[in-house]
Amino acid sequence: MSSELSKKYSPGEIEDKWYQAWEAAKVFKSVPDEREPYTIVIPPPNVTGILHMGHMLNNTLQDVIIRRKRMQGYNACWVPGTDHAAIATEAKVVRLLAEQGIKKSDIGREKFLEHAYAWKEKYGGIILQQLRKLGASCDWDRTAFTMDPEYSEAVIGVFCDLYEKGHIYRGLRMVNWDPQAQTAVSDEEVIHRDTPGHLYHVRYQIEGLENEYVTIATTRPETILADTAIAIHPEDERYTHLHGKKALVPLLNRPIPIILDDYVDREFGTGCLKVTPAHDTNDYEIGQRHDLPTINGLNADGTISEEVGLYVGQDRFVVRKQIAKDLNAAGHLVKQEDYMHSVGYSERTDAAIEPRLSLQWFLKMKELSAPALEAVVDGDVQLIPGKFINTYKHWMENVRDWCLSRQLWWGHQIPAYYLKDADGYVVAPTPEAAVEKAREKFKRPDLTLADLHQDEDVLDTWASSWLWPINVFHGLTQPDNPEISYYYPTQDLVTAPEILFFWVARMIIAGKEYMGEKPFSNVYLTGIVRDDQRRKMSKSLGNSPDPLDLIAQYGADGVRVGMLLASPAGNDLLFKESLVEQGRNFANKIWNAYRLVKGWSVADHPANEREKLAIAWMEARLAEASIEIEDHFSKFRISDALMSVYRLKWDDFCSWFLEMMKPPYGEAISQEAYDGVIRLFEETMKLLHAFMPFITEELWHGLKERSAGEFLAVAQLSDLDKPNETLLEDIALIKEAITALRAFRTDKQIPFKEAITLHIKSDNPGLFQQYETLLAKFLNTEAIHYPAEKVEGASSIRVQAHEFFIPLGAIDVEAEREKLQKEIAYQEGFLIKVNKKLENE
RNA sequence: GGGAGCUUAGCUCAGUUGGUUCAGAGCACCUGCCUUACAAGCAGGGGGUCACUGGUUCGAGUCCAGUAGUUCCCACCA
């Protein structure tokens, strides 16, 4: 029979076959019933995204968890979906259009959105197809999207509600401006990096005084043009003579006041600070204090604006170099030194961020975040690993208002409606409601929709995804519906630590505010997938393998195992292809165990002593390992749980159990023993299924006839008896003895075919007598004796308190002597070599 | 600048409340094997002063302090 089966496991067809079967039978579908729910909502990938290694890790973990719960009797529900990912998607569409020579601003909002939707239709959800390849057991009927009509309704509804409650305000604020995406980004989307630059010392002439100058130091000389003051410390004695004077902006000769402010650090640079309120957060604050005018020196795209009068339309970085030259030529550049300083970059586009003054929508965070802080500190929401609690706490205690608006078109348009002919606006969920409200608010009953225009901006992506665990069950749009009541709060969230604040914290806030309850109990934070040099995997570095190629080459099971083997929670995963190879090898090992078992001929007679012992032992080991595995799972130690199953299957089941069970050459195994082997094989497949869903499903069907519609994916883990501790201990000793005696055989070059006589001197000979059938099988003994005294003229091996003797007759003395001589010669040669090296000065 | 964490075998990591499951696992490495399940394999083996220094204790990878290195988070001085 085994001749039909290949020596190597080939996953490709088998994996496709089972995924289709599962999907057709809807085994992952979940509807509320009397069972306890176990729910995970997927961190929605970008709708236009394609699967990368981070997704692989993240979704493998979720699948392992949900599959195990499904097999433990829970009503397991894994909700899939995608995020519209405002900036990221819009950037992609803009780029695509640019390739066709189309500019966003030329076609207008409506046309642009048509293109965006077309793009979404074409590429959206590719990633969900890819997840199926991985084996993800999502309930696909529940696939959600953050811009589904009903979901959008929830997002807009929440905005309006928060506005009504007074949590949302509109204000002129210094925001982080991404000149490439041409939108404001939140503080969390700015990444600070030390960047080499220069510190320019520039002198400004004092107005009315021929040879008097004040020198400042700056890293951004191009902003000089937008200066509106020079600040000095009020108590700085070096500059008292400048109090009340004015300085002239170089190149422009525009007079600006010299002001006093104790923000100025007297130790830094020259102790004089140029103040550019429009382009620096601190300068803005100084400007506010001193009622300074602001000059907007930069356009939205990072070029110099008309307001300053010089270099207009040129890029900020070009101007930075040019102005340094021009200042030098004009005698204003005192010195220029290399300087390392921290610069903010956009997380999305990597463009250098410009602080920029603009009108934006904000959400007050202080009050809203309090219950969310409490939830984590109290342990109501568990962060795994716990080390993230400190980080979380620190952030929540110092939380700043959230800039909600983005200058984009792809997303949820802000439901604020402005009067066209006057100042004033209303916030309302629909245009109709807005008209209604406006009529009332402005006492103008004749107002129509035509008199209003909606805010051009859209909401930050996270202002929609923070409702994810609620509105995938329509909890906001259909409050108290049976689904939300059943599934909410969900159990686990598996995500990356990078979005702990972006997303996780905000989901907790929204959950507390709108459901009065946390959105999930456990947050498992995965590591970052890096290459073996610890570099983050990225497209630009080209160090990330294509997950689908990996699956094609090693099988989804192999890839899953490879990813999990080295990914403890919160620790980075150093990915190497060899890990996936290990996973594939494991699948192959299992496959071959199956081939072996299926190749046995079975005879209808009762089990012998050896077979009975082996089965009893394997059952005890299975029970022991099951307890260990459950313990690991309960602590989210998925990697350790896998290792436990791995060793159970490879070491205990294959290396020991199957070797114990193997019928002697040419003989058959008893039916009773065979049934036991099949049963234990099935049990190991159950334990492994969560990790390797495909091969286990395949073999589970191969081991036994199954009725139609029966799947391992929905089979239940067995309740096992307590492990037989005595038997486990006994066999541990027997194994130790076998290992020692095998080593002896190898060492003395006694071929296995040559049977040996074994003498065991022990206080407890009965112990060994009990397991003689196993000793005989593994050691090929012709006889076993239990002498009371040492056996003379025999080699002895000690195992714990027991002594084993093998008569010397079995040893080739000449060969032994020769071997030792060779060893001596080698060691002497080594010694000479080392001595020579040491003597070398 | 502030805060948090980490440092255990060549690599990646476990080591729960200090005391014979405490010095472990997987991979890598070495030796011998193509033994009719599997060379993507089998059998055996070597390897660590648990970063360093000091302290608490009868006893410390395990607790405390300091030092060095390293990672992350937050803030950001022009």
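Numbers restart at 1 for each chain; the letters A, B, ... are given by sequence-line order, proteins then strands.
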Does [N] have its OP1 or OP2 closer than 4.0 Å to a side-chain nitrogen or oxygen of [X]?
| X | N | value |
| --- | --- | --- |
| A/Arg584 | B/rA40 | no |
| A/Trp650 | B/rC42 | yes |
| A/Asn585 | B/rG41 | yes |
| A/Arg400 | B/rC74 | no |
| A/Lys7 | B/rU36 | no |

Given the [atom1] atoms of [N] and [M], what is the spacing between them in whole Å?
| N | M | atom1 | result |
| --- | --- | --- | --- |
| B/rU70 | B/rC76 | P | 26 Å |
| B/rG18 | B/rC58 | P | 15 Å |
| B/rA39 | B/rG47 | C1' | 25 Å |
| B/rC63 | B/rG5 | P | 12 Å |
| B/rA23 | B/rG61 | C1' | 9 Å |
| B/rA9 | B/rA51 | C1' | 15 Å |
| B/rA40 | B/rC52 | P | 41 Å |
| B/rU8 | B/rA60 | C1' | 14 Å |

Using a cut-off of 4.0 Å on non-hydrogen atoms, how would the nucleic acid contact of [X] be classed: base, sugar-phosphate, or nothing?
| X | result |
| --- | --- |
| A/Lys589 | base |
| A/Asp283 | nothing |
| A/Arg534 | sugar-phosphate |
| A/Arg647 | sugar-phosphate |
| A/Tyr339 | sugar-phosphate |
| A/Tyr665 | base |
| A/Leu574 | sugar-phosphate |
| A/Thr739 | sugar-phosphate |
| A/Ala743 | sugar-phosphate |
| A/Thr276 | nothing |
| A/Lys662 | base |

Would you mind reading off the distance between [X] atom [atom1] and [N] atom [atom2], rounded to a whole angstrom?
| X | N | atom1 | atom2 | result |
| --- | --- | --- | --- | --- |
| A/Leu579 | B/rA28 | CG | P | 10 Å |
| A/Leu648 | B/rG26 | CG | P | 14 Å |
| A/Ile797 | B/rG45 | CD1 | P | 12 Å |
| A/Asn282 | B/rG1 | CG | P | 18 Å |

Is the centre of the A/Phe681 ring less than 6.0 Å from the centre of the A/Phe653 ring?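 Ring-ring flag for A/Phe681/A/Phe653: true, centres closer than 6.0 Å.
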Subject >> Check: A/Phe586 ring centroid to A/Trp591 ring centroid under 6.0 Å >> reply: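 Distance test on ring centres: not under 6.0 Å, no.
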Quiz item: cation-pi between A/Arg506 and A/Trp402, 6.0 Å / 45°: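 So A/Arg506 does make the cation-pi contact.
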Quiz item: Does NZ or CZ of A/Arg203 come closer than 6.0 Å to the centre of the six-membered ring of A/Tyr213, within 45° of the ring's axis?
Solution: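 Yes, A/Arg203 and A/Tyr213 form such a contact.
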Discussion item. Ring-plane angle category for A/Phe691 and A/Phe633, please: parallel below 30°, perpendicular beyond 60°, tilted otherwise.
Written reply: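 Ring orientation of A/Phe691 relative to A/Phe633: tilted.
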Which of parallel (below 30°), tilted (30 to 60°) and perpendicular (above 60°) describes A/Tyr524 and A/Phe636?
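A/Tyr524 and A/Phe636: tilted rings.
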Which one is paired to B/rG41, where only Watson-Crick or G-U wobble pairs with both distances under 3.5 angstrom count?
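Pairing partner: B/rC33.
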